[in-house]
Protein chains: 2
Amino acid sequence: MRLTFLDVKRLHIDTTPDTLIVMEDEVDRLVAAWRRERPDLDVEPLEVLSRVSRLARHLDRARRTAFAEHGLEPWEFDVLTALRRAGSPYQLSPGQLLTQTLVTSGTMTNRIDRLTGKGLVKRLPDPDDRRGVLVRLTDDGRDRADQALAGLLAHERALLAELSAGQQGELAGLLRQLVAPFDNVPG
Amino acid sequence: MRLTFLDVKRLHIDTTPDTLIVMEDEVDRLVAAWRRERPDLDVEPLEVLSRVSRLARHLDRARRTAFAEHGLEPWEFDVLTALRRAGSPYQLSPGQLLTQTLVTSGTMTNRIDRLTGKGLVKRLPDPDDRRGVLVRLTDDGRDRADQALAGLLAHERALLAELSAGQQGELAGLLRQLVAPFDNVPG
DNA sequence: GGTAGATATCTTGATGTCGAGATACTTGGG
DNA sequence: CCCAAGTATCTCGACATCAAGATATCTACC
């Protein structure tokens with residue numbers, strides 16, 4: 001008999017009811033529904049990838065709340081922290097920001113415009129390439145990024161309390177294997 | 001000495017170079033940058049959650065490509081398959097669709113309008129509640145959903161080829177623990 | 001050094017999403 | 001029976017994003 005992931009989950013519940021309780025989630029219900037409606041298909045991939053998508057969606061919402069405490073939108077955080085991470089003098093080209101934030105060039109132009117309007121970054125001409133621009137964090141932008149990062153980490157640490165340190169390491173490793181192919185090819 | 005996730009990764013590379021090669025990803029670089037710039041902070045949570053967000057982002061793009069082969073947008077797929085999963089007669093209220101797709105009511109109204117325009121769903125009055133509406137899949141909508149699902153599963157199975165079946169099960173289980181709290185409370 | 005093709009950024013128009021509020025109906029207490 | 005509060009859906013305006021194309025500049029090769 002072949003065990004599916006769902007079976008494994010139930011096994012945990014049945015055999016060790018007091019020490020290992022695994023809660024159902026929306027994806028369990030989704031997969032069960034597909035197995036009922038389309039028993040001819042192998043929907044195993046959804047067990048992983050639908051959870052990734054849904055978790056990301058929930059995280060987006062939680063992050064929006066966390067950043068609001070610091071008066072920042074998620075997209076503002078993404079850009080400011082990319083610059084912050086670059087280290088002094090906290091500047092990157094729009095093109096470098098694109099690859100880090102996974103948005104299109106039009107979007108980035110718009111973001112830089114708005115952040116400039118708020119005084120969090122400023123545009124400087126690239127001295128080595130007259131097509132180019134350097135986006136630099138202002139002092140205010142740097143402070144905001146630092147504060148928001150600390151807030152984010154506190155929130156996320158709380159979410160991860162569900163898992164032991166070892167489990168977090170395992171999870172990070174498995175996710176890395178899935179993400180790496182995307183991050184290491186041109187596509 | 002305490003090992004961080006990054007150390008564990010490097011350990012793999014150093015000790016078993018031929019059998020276990022772990023590729024770096026963008027999050028490794030991101031975490032390394034934070035450790036250099038903010039050595040005072042514990043950025044461990046990013047190892048998991050930043051990977052979830054970035055992977056989801058990549059998946060969105062890949063899914064967009066996969067669905068385009070069937071002439072569907074990702075949002076259309078989400079709605080059509082929610083109805084398909086409901087089983088015959090393939091109908092749900094807009095409210096039920098909201099909770100499954102994690103969008104707001106205004107968005108769902110708009111989606112139903114456009115799907116109706118394309119002839120993939122139709123609105124019926126709810127016989128038990130005159131405020132209510134039932135959204136029902138047309139035959140064409142059902143066929144499209146079935147075709148697109150098969151295509152999606154093929155694509156996703158390919159992405160997951162990086163992992164063994166056992167690893168996929170582990171990953172699904174760990175993700176479930178993180179998602180379940182979101183899915184099982186009102187929030 | 002001149003030119004074709006690559007590259008960096010910005011512009012534009014269309015579109016999907018959100019949030020807040022409006023509307024219509026239902027429910028439960030008095 | 002009536003009314004207040006709750007619920008289901010829709011409307012509307014603001015806004016962020018994207019894709020495609022425009023512009024300016026660089027690079028490499030002849």
Side-chain angles (χ1 to χ4, degrees), chain A residues 53 56-58 60-65 67-68 72-80 82 91-118 120-136 186-187, chain B residues 53 56-58 60-65 67-68 71-80 82-83 91-118 120-136 186-187:
Chain A
S53 291
R57 189 115 188 139
H58 287 300
D60 279 347
R61 292 181 165 192
R63 295 203 314 155
R64 181 174 300 275
T65 306
F67 295 144
L72 286 180
E73 300 288 323
W75 64 263
E76 294 178 304
F77 178 86
D78 286 344
V79 176
L80 296 180
Q91 62 184 20
L92 291 172
S93 70
Q96 291 174 306
L97 287 171
L98 291 193
T99 65
Q100 291 208 31
T101 56
L102 297 179
V103 298
T104 63
S105 65
T107 297
M108 188 51 68
T109 297
N110 186 11
R111 287 182 173 188
I112 297 167
D113 287 347
R114 285 175 282 154
L115 287 171
T116 301
K118 289 181 72 170
L120 300 179
V121 307
K122 58 186 166 189
R123 259 188 262 248
L124 304 171
D126 182 335
D128 301 327
D129 184 340
R130 273 185 295 180
R131 294 169 304 181
V133 168
L134 290 174
V135 182
R136 182 185 296 198
Chain B
S53 291
R57 189 114 188 140
H58 287 301
D60 279 347
R61 293 182 164 191
R63 294 202 315 155
R64 179 174 300 276
T65 305
F67 295 145
L72 286 180
E73 298 290 323
W75 64 263
E76 295 178 302
F77 178 85
D78 286 344
V79 177
L80 296 180
L83 294 168
Q91 62 185 20
L92 290 172
S93 70
Q96 291 174 306
L97 287 171
L98 291 193
T99 65
Q100 290 209 31
T101 57
L102 298 178
V103 298
T104 63
S105 65
T107 297
M108 188 52 67
T109 298
N110 186 11
R111 288 182 173 188
I112 296 167
D113 287 346
R114 285 175 281 155
L115 287 171
T116 301
K118 290 180 72 170
L120 301 179
V121 307
K122 57 187 167 190
R123 258 187 262 249
L124 303 171
D126 182 334
D128 301 328
D129 184 340
R130 273 186 294 180
R131 294 169 303 181
V133 168
L134 291 175
V135 182
R136 182 185 295 199

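In what follows, every chain begins at residue 1, and chains take the letters A, B, ... in the order their sequences are listed.
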*Asks:* Would you say a side-chain N or O of B:Arg130 is under 4.0 Å from OP1 or OP2 of C:dA24?
*Replies:* no
*Asks:* Would you kindly give the CG-to-C1' distance between B:Asp126 and C:dA24, to the nearest whole Å?
*Replies:*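 Taking atom C1' of C:dA24 as the reference, CG of B:Asp126 is at 14 Å.
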*Asks:* Going by atom type alone, with no hydrogens or angles, which donor-acceptor pairs under 3.5 Å involve a side-chain atom of residues 105-112 of chain A and a protein atom two or more places apart or on another chain?
*Replies:*
| unit_1 | atom_1 | unit_2 | atom_2 | d |
| --- | --- | --- | --- | --- |
| A:Thr107 | OG1 | A:Thr104 | OG1 | 3.2 |
| A:Thr109 | OG1 | A:Ser105 | O | 3.1 |
| A:Asn110 | OD1 | A:Arg114 | NE | 3.1 |

*Asks:* Which atoms form the tightest heavy-atom contact between A:Arg63 and A:Pro74, and what is the distance?
*Replies:* NH2-CB, 4.5 Å
*Asks:* Whole Å only: how far is the CG atom of A:Leu98 from the P atom of C:dT7?
*Replies:*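 After rounding, the gap between these two atoms is 14 Å.
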*Asks:* Please report, rounded to the nearest Å, how far the P atom of D:dG6 is from the CG atom of B:Asp129.
*Replies:*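 Atom-to-atom, B:Asp129 to D:dG6, this comes out as 17 Å.
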*Asks:* Is the shortest side-chain heavy-atom distance between A:Leu102 and B:His58 below 4.5 Å?
*Replies:*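 The answer is yes; the side chains approach within 4.5 Å.
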*Asks:* Can you see which heavy atom on A:Ala56 is nearest to which on B:Ser53, and at what distance?
*Replies:* CB-CA, 4.4 Å
*Asks:* Would you say a side-chain N or O of A:Arg131 is under 4.0 Å from OP1 or OP2 of D:dT23?
*Replies:*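 Negative; the distance criterion is not met.
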*Asks:* Nearest whole Å is fine: how far is C:dT9 P from A:Asp128 CG?
*Replies:*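 Checked: the CG to P distance equals 13 Å.
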*Asks:* Taking protein heavy atoms under 4.0 Å as touching, what does nucleotides 10-21 of chain D look like 5' to 3' if B marks base contact, S marks sugar-phosphate-only contact and - marks none?
*Replies:* BB----SBBB--
*Asks:* My understanding is that only residues two or more places apart in sequence, or in another chain, count here; which of them pass salt bridge (Lys or Arg N to Asp or Glu O under 4.0 Å) with A:Asp113?
*Replies:* A:Arg123
*Asks:* For a side-chain contact (heavy atoms from CB on, under 4.5 Å) check, start with the C-alpha distance between A:Val103 and A:Asp78, then their side-chain angles and the critical distance, and finish with the verdict.
*Replies:* CA-CA 11 Å; A:Val103 298; A:Asp78 286 344; over 6 Å; no
